[in-house]
Amino acid sequence: MPPPLPPSLPPHLRRRRFSTAPASHHPPSAARAAEQNCLRLLVRSSTPAAVLQSLAFLLKSGLHSNPLVLTRLFASTASAAPALLEPLVAALLGPSVPIDAFLVNTLIRAHATSPLHSARLRAAAFFPLMLRSAVVPNKFTFPFLLKACAALPGSPGVGLQAHAAALKFGFATDQYVSNTLIHMYSCFGGGFLGDARNVFDRMPKSSAVTWSAMIGGYVRGGLSSDAVGLFREMQASGVRPDEVTVLGVLAAAADLGALELARWVGRFVEREAVGKSVTLCNALIDALAKCGDVDGAVAVFQGMEERTVVSWTSVIDALAMEGRGKEAVGLFEEMKTVGVPPDDVAFIGVLTACSHAGMVDEGRGYFDSMKMEYSIEPKIEHYGCMIDMLGRAGMVEQAMEFVRTMPMKPNPIIWRTLVAACRAHGRLELGENITRNLLNEYPAHEANYVMLSNVYALTQRWKEKSEIRREMSKRGIKKVPGCSVVELDGEVHEFIAGDESHLQWKKIYMMVQEMASELRRIGHISATSEVLLDLDEEDKEGALQWHSEKLAIAFALLRTPPGTQVRVVKNLRVCLDCHAAIKCISQVYNREIVVRDRSRFHRFKNGSCSCNDFW
DNA sequence: CCAATGTTTC
């Protein structure tokens, strides 16, 4: 890379450069020469200082209303000096500047991809400016614009207008535009997945990109099984998946905990040579780990020729989820040794590992080293890890102290972490106070009601508990139902607490009862079950009120050969009673039972759990 | 001169 050219060039250098320009009818005028020079300068501007230098030259040459030069300036600024973008736009984009489509497109893209939130908010606003200036959008405009709207999921109205405009200007059937529409709508979440699907259904499905966009949309919307279903359709239709398709399927597998699917994708990648990029291996590590195959994940990691900080972080997270803190810390150290500097996400990984393994001193050390050794300012997530770590270890006061002294406003996640610590260590009054405050501030958050209700249950205050229930139904707030998933022969079976929709319900029901009597026989007393089974009083039939993981385990015991491993994925955290019961079940039925809950893996074997009751 | 899908996070 040659150094950036100085703002004014020696004459011989100018001549030499311009002599390579294609011959034209008119010899390059002085203005054109300055323009070319400035463009060259801008292309090479990769630091804020270089951008400013180019800007100085631009102003000196009187090019501040030249659209071609401004386009290049804004593009370079966006990538090399994000903070300068907005002031430059404000200073240079006046009524005297002639605007063309290229310039507006560049402005939309530069703002939409900016690391600064304030810039992203403004991206879509350049489109109305374009229309006001009577500039006609071209085929590049809408992909940029729609992508900008996708980054604002909070205001789907802007996206809807953009879609309408694309229709009006006749670009809505362009496949680039359609693919981006699918992406945009799926980013809006909720009911907009249907709009995404509408666009998808109207398209000729010849491109892997279209399928990948829709598959990714389903995953983003939490409909991972639909994503997998769509992938099957894609294969049936004969379109060859590309790397991004596979990334989507891996994300779905990770979400569902579908181990067979994740492994299948691993083999598929080998077989079809989709391209085993670093990114794909990273996704494979993550998916295998989230499906309970840590060793498989580690094997993929070890087989990689090139590893990025994401690869290291993925494998550290994999071990952290299993409570294998020592190994996770070992890998973190190795990463530093081989010269990959940890980023903020990697620190979250190692701190989580310390937290789940009870390694408080190590965790403190890493937290301090963030700032001291790597100049990474801890974010709220890192404070969250520390509070979780101290709380789990029973150091509730120190955790409180962390909340008090941290430099940002605690969010609900922080408070809930603290409440969980209070609950686990008998600080019920403190927990109750925090929860009440939280409920006052966020009366629409379902989790806060459940938390308070649980605190009441622990202190046997049934009246208050049912009052909370009434309050919830009065406000129309629903509890997220506990849901457990078992993958069997490539199919995903879903169980919801108290659900009887599953085909084999009767058999499962009987199995649950048999399990219960077996447990009683060996002396498991579900003394705490009445307390912790978080049931709706309105549910009348006690027999239906089993937690979903028990239903799932009963199903798996029925349907799999003796001695095979049982794997369950749960959307919430395993409750104390289920945890105790599953320990016994693993012994009575002589099965290894692997449960992935919201925060980590539990491997039950011979009556004990890999978490050592520390979770 | 500019366009689509995507990996790690309390």
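Below, chains carry the letters A, B, ... as their sequence lines are ordered, and counting in each starts from 1.
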**Student:** Do A/N138 and A/T141 pair up side chain to side chain, a donor and an acceptor below 3.5 Å, judged on atom types alone?
**Tutor:** yes
**Student:** Do A/H382 and A/D344 have side-chain atoms, one donor and one acceptor, less than 3.5 Å apart?
**Tutor:** no
**Student:** Please check if any side-chain donor atom of A/D242 sits under 3.5 Å from a side-chain acceptor atom of A/T245, or the reverse.
**Tutor:** yes
**Student:** For A/R122, give me all partners under salt bridge (charged side-chain N to carboxylate O under 4.0 Å, His left out), at least two apart in sequence or on another chain.
**Tutor:** A/E86
**Student:** How would you label the contact of A/L68 with the nucleic acid (heavy atoms, under 4.0 Å): base, sugar-phosphate, or nothing?
**Tutor:** base
**Student:** Within the 4.0 Å limit for protein heavy atoms, which parts of nucleotides 3-10 of chain B are touched? Write it as a string from 5' to 3', B for base, S for sugar-phosphate only, - for none.
**Tutor:** BBBBBBBB
**Student:** Does the distance from a Lys or Arg side-chain N to an Asp or Glu carboxylate O, for A/E322 and A/R600, drop under 4.0 Å?
**Tutor:** no
**Student:** If we ignore angles and hydrogens, is there a donor and acceptor under 3.5 Å between the side chains of A/S45 and A/S54?
**Tutor:** yes
**Student:** Expected output is a numbered-order residue list: members of residues 98-108 of chain A with a heavy atom under 4.0 Å from any atom of DNA chain B. What is it?
**Tutor:** A/F102, A/N105
**Student:** Would you check if there is a donor-acceptor pair between the side chains of A/R197 and A/Y185 at a distance under 3.5 Å?
**Tutor:** no
**Student:** Going by an N to O cut-off under 4.0 Å, is there a salt bridge joining A/R427 and A/E397?
**Tutor:** yes
